[in-house]
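Beneath this line is the structure, given in structure tokens, with notes to follow.
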Amino acid sequence: MNLEALNKVAEAMVAPGRGILAADESTGTIKKRFDAINVENTEANRRDYREFMFRHKDGMKHISGVILFDETIWQDAADGTPLVKLIEAANSIPGIKVDEGTEALPGTKGDVITKGLDGLSKRLPKYYERGARFAKWRAVIDIGAGVPSHNTIHANAHALARYAALCQEHQIVPIVEPEVLMDGDHDIQTCYDITTWTLKETFQELYYANVALEGMVLKPNMIVPGKKCAKQASVDEVAAMTIKCLTNCVPSAVPGIAYLSGGQSDEDATAHLNRMNEIGGFPWKMTFSYGRALQAAPQKAWSGKKENVPAGQKAFEHRAEMNGLASLGKWRPDLEKKAA
Ligand code: 5MM
């Protein structure tokens with residue numbers, strides 16, 4: 001393992017003013033997104049949609065790296081250029097989601113465990129050869145009646161650490177993504193407590209697995225109340241509690257934090273990231289690794305129609321630019337008006 005080279009990639013992924021586009025929706029997840037805009041979930045439509053983002057240089061200048069799904073990393077653009085080459089041409093880094101989704105964790109009241117470790121050491125060199133310089137693995141922690149259990153926090157942290165160690169051995173930077181979901185009716189303090197537990201356990205397992213923290217990126221949730229909680233939180237509250245949680249759990253050797261949006265509205269995800277960077281005072285770069293909060297607007301503008309590609313690209317550029325500014329603490333709500 002060349003740690004200096006891994007660290008260089010990790011630093012580039014969280015470079016100020018840029019962030020990561022999570023375009024790694026599996027076939028089932030992209031179907032849900034396409035259903036919402038009445039687009040048929042065919043391989044060609046998935047390719048055309050992703051191609052128009054990767055080709056749009058004005059949007060991609062705010063994107064340090066793109067997380068791809070297995071199908072996409074092997075796909076070529078309509079003119080035969082591999083999609084990974086379009087990403088590289090935009091001075092962005094191709095990455096790959098290597099987990100294989102979740103399944104029920106036996107003996108629990110609804111917890112899940114992320115799959116994909118079997119055969120991973122054989123898949124990683126192929127992805128590297130195709131151009132991937134980082135990978136992603138997502139653990140899913142739900143909050144509800146009787147969940148999460150100690151077993152799920154521990155088993156998921158252990159799997160994340162085994163994945164991360166394997167990636168580094170193959171000269172690929174691991175994005176470590178333990179996501180505490182915001183689906184329930186829990187309050188913000190509960191999200192804080194469960195996220196703290198999850199992150200403490202994750203870094204303990206990363207230590208046991210000899211993962212070099214300088215060669216990874218953390219992709220956590222922000223500290224927010226559940227969507228169904230009656231008491232929602234202000235931007236200041238979310239920013240303060242997220243910084244407090246992370247400074248208590250994440251060693252300063254980690255180069256950067258790239259948040260998931262997790263179902264927040266586009267503008268909330270931007271405002272929260274921006275406020276944290278305005279406050280500052282933490283040892284890592286803080287940026288975005290958004291899926292929905294970067295793509296909901298372009299998907300809607302495009303709606304599967306060729307003539308709408310420029311509108312889709314404009315919408316993608318706008319969200320990428322707003323979040324790029326948020327990574328610097330330089331976003332302002334009035335800049336959102338540029339969207340039209
Ligand atoms: C883009 O969605 C990713 C893949 O989801 P599935 O494996 O369920 O198809 C997802 O892992 C994503 O990278 C993160 O959850 C962050 O996305 P959001 O939309 O929460 O920012």
Side-chain angles (χ1 to χ4, degrees), residues 13-14 19-37 41 46 49-50 53-54 62-73 87 93-104 112-116 132 134-143 156 159-160 163 173-184 191 195 198 217-224 226-227 238 242 256-273 286-300 316 319-320 322-324 326-327:
M13 288 162 68
V14 295
I20 298 164
L21 167 63
D24 58 313
E25 300 88 353
S26 52
T27 312
T29 301
I30 199 74
K31 181 179 182 330
K32 284 190 218 149
R33 310 282 179 258
F34 279 6
D35 282 351
I37 52 169
N41 188 25
R46 293 193 289 273
Y49 165 62
R50 286 163 174 150
M53 289 191 290
F54 306 162
H62 311 286
I63 301 297
S64 57
V66 183
I67 315 173
L68 302 168
F69 181 55
D70 181 77
E71 173 187 85
T72 322
I73 201 168
I87 295 168
I93 309 168
I96 179 76
K97 185 238 295 288
V98 298
D99 69 64
E100 293 176 337
T102 60
E103 66 183 1
V112 294
I113 178 76
T114 302
K115 302 175 287 181
F134 70 91
K136 191 201 87 171
W137 178 288
R138 173 172 169 250
V140 181
I141 308 295
D142 201 3
I143 301 178
N156 275 295
L160 275 167
Y163 138 83
V173 171
I175 292 185
V176 173
E177 181 182 0
E179 175 173 8
V180 176
L181 298 178
M182 58 182 287
D183 289 344
C191 177
T195 305
T198 304
V217 168
L218 179 71
K219 176 167 174 169
N221 53 284
M222 295 178 195
I223 305 301
V224 289
K227 274 190 225 154
V238 171
T242 306
I257 315 277
Y259 291 99
L260 58 92
S261 56
Q264 300 177 49
S265 74
D266 295 358
E267 216 170 305
D268 280 355
T270 306
H272 292 151
L273 175 63
M286 269 196 192
T287 190
F288 57 93
S289 174
Y290 295 160
R292 285 162 286 180
L294 272 176
Q295 297 185 75
Q299 281 163 6
K300 204 168 161 214
F316 164 58
R319 286 266 48 89
M322 294 299 101
N323 287 305
S327 77

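Just so you know, ligand 1 is whichever comes first in the structure, and atom 1 is the first atom listed for that ligand. Residue numbers count from 1 along this sequence.
Shown are R292, R50, R138, R33; of these, the salt bridge (charged side-chain N to carboxylate O under 4.0 Å, His left out) with E25 is made only by R50.
D24 pairs by the side chain to side chain contact (heavy atoms under 4.5 Å, CB included) definition with A22, I67, K97, K136, not counting sequence neighbours.
In the model, T27 has no side-chain atom that pairs as donor or acceptor with a side-chain atom of N41 under 3.5 Å.
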I'd like the atom pairs linking ligand 1 to the protein - N or O on both sides, separation under 3.5 Å - with distances to 0.1 Å.
unit_1: ligand 1; atom_1: 7 (O); unit_2: K97; atom_2: NZ; d: 2.8
unit_1: ligand 1; atom_1: 8 (O); unit_2: T29; atom_2: OG1; d: 3.1
unit_1: ligand 1; atom_1: 9 (O); unit_2: S26; atom_2: N; d: 2.8
unit_1: ligand 1; atom_1: 9 (O); unit_2: S26; atom_2: OG; d: 2.6
unit_1: ligand 1; atom_1: 9 (O); unit_2: T29; atom_2: OG1; d: 2.7
unit_1: ligand 1; atom_1: 11 (O); unit_2: K136; atom_2: NZ; d: 2.4
unit_1: ligand 1; atom_1: 13 (O); unit_2: D24; atom_2: OD1; d: 3.2
unit_1: ligand 1; atom_1: 13 (O); unit_2: K136; atom_2: NZ; d: 2.7
unit_1: ligand 1; atom_1: 13 (O); unit_2: K219; atom_2: NZ; d: 3.2
unit_1: ligand 1; atom_1: 15 (O); unit_2: R138; atom_2: NE; d: 3.3
unit_1: ligand 1; atom_1: 15 (O); unit_2: E177; atom_2: OE2; d: 3.3
unit_1: ligand 1; atom_1: 15 (O); unit_2: E179; atom_2: OE1; d: 3.4
unit_1: ligand 1; atom_1: 19 (O); unit_2: R292; atom_2: N; d: 2.8
unit_1: ligand 1; atom_1: 19 (O); unit_2: R292; atom_2: NE; d: 2.8
unit_1: ligand 1; atom_1: 20 (O); unit_2: G262; atom_2: N; d: 2.7
unit_1: ligand 1; atom_1: 20 (O); unit_2: R292; atom_2: NH2; d: 3.0
unit_1: ligand 1; atom_1: 21 (O); unit_2: S261; atom_2: N; d: 2.8
unit_1: ligand 1; atom_1: 21 (O); unit_2: S261; atom_2: OG; d: 2.5
unit_1: ligand 1; atom_1: 21 (O); unit_2: G291; atom_2: N; d: 2.8

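Shown here is K227, whose NZ atom has more than 12 heavy atoms of other residues, nucleotides or ligands within 6.0 Å.
Looking at heavy atoms from C-beta onward, S64 lies out of side-chain contact with T287 at the 4.5 angstrom threshold.
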- [ ] Assess whether side-chain contact (heavy atoms from CB on, under 4.5 Å) is satisfied between F69 and T29, documenting all intermediate values.
- [x] CA-CA 11 Å; F69 181 55; T29 301; over 6 Å; no
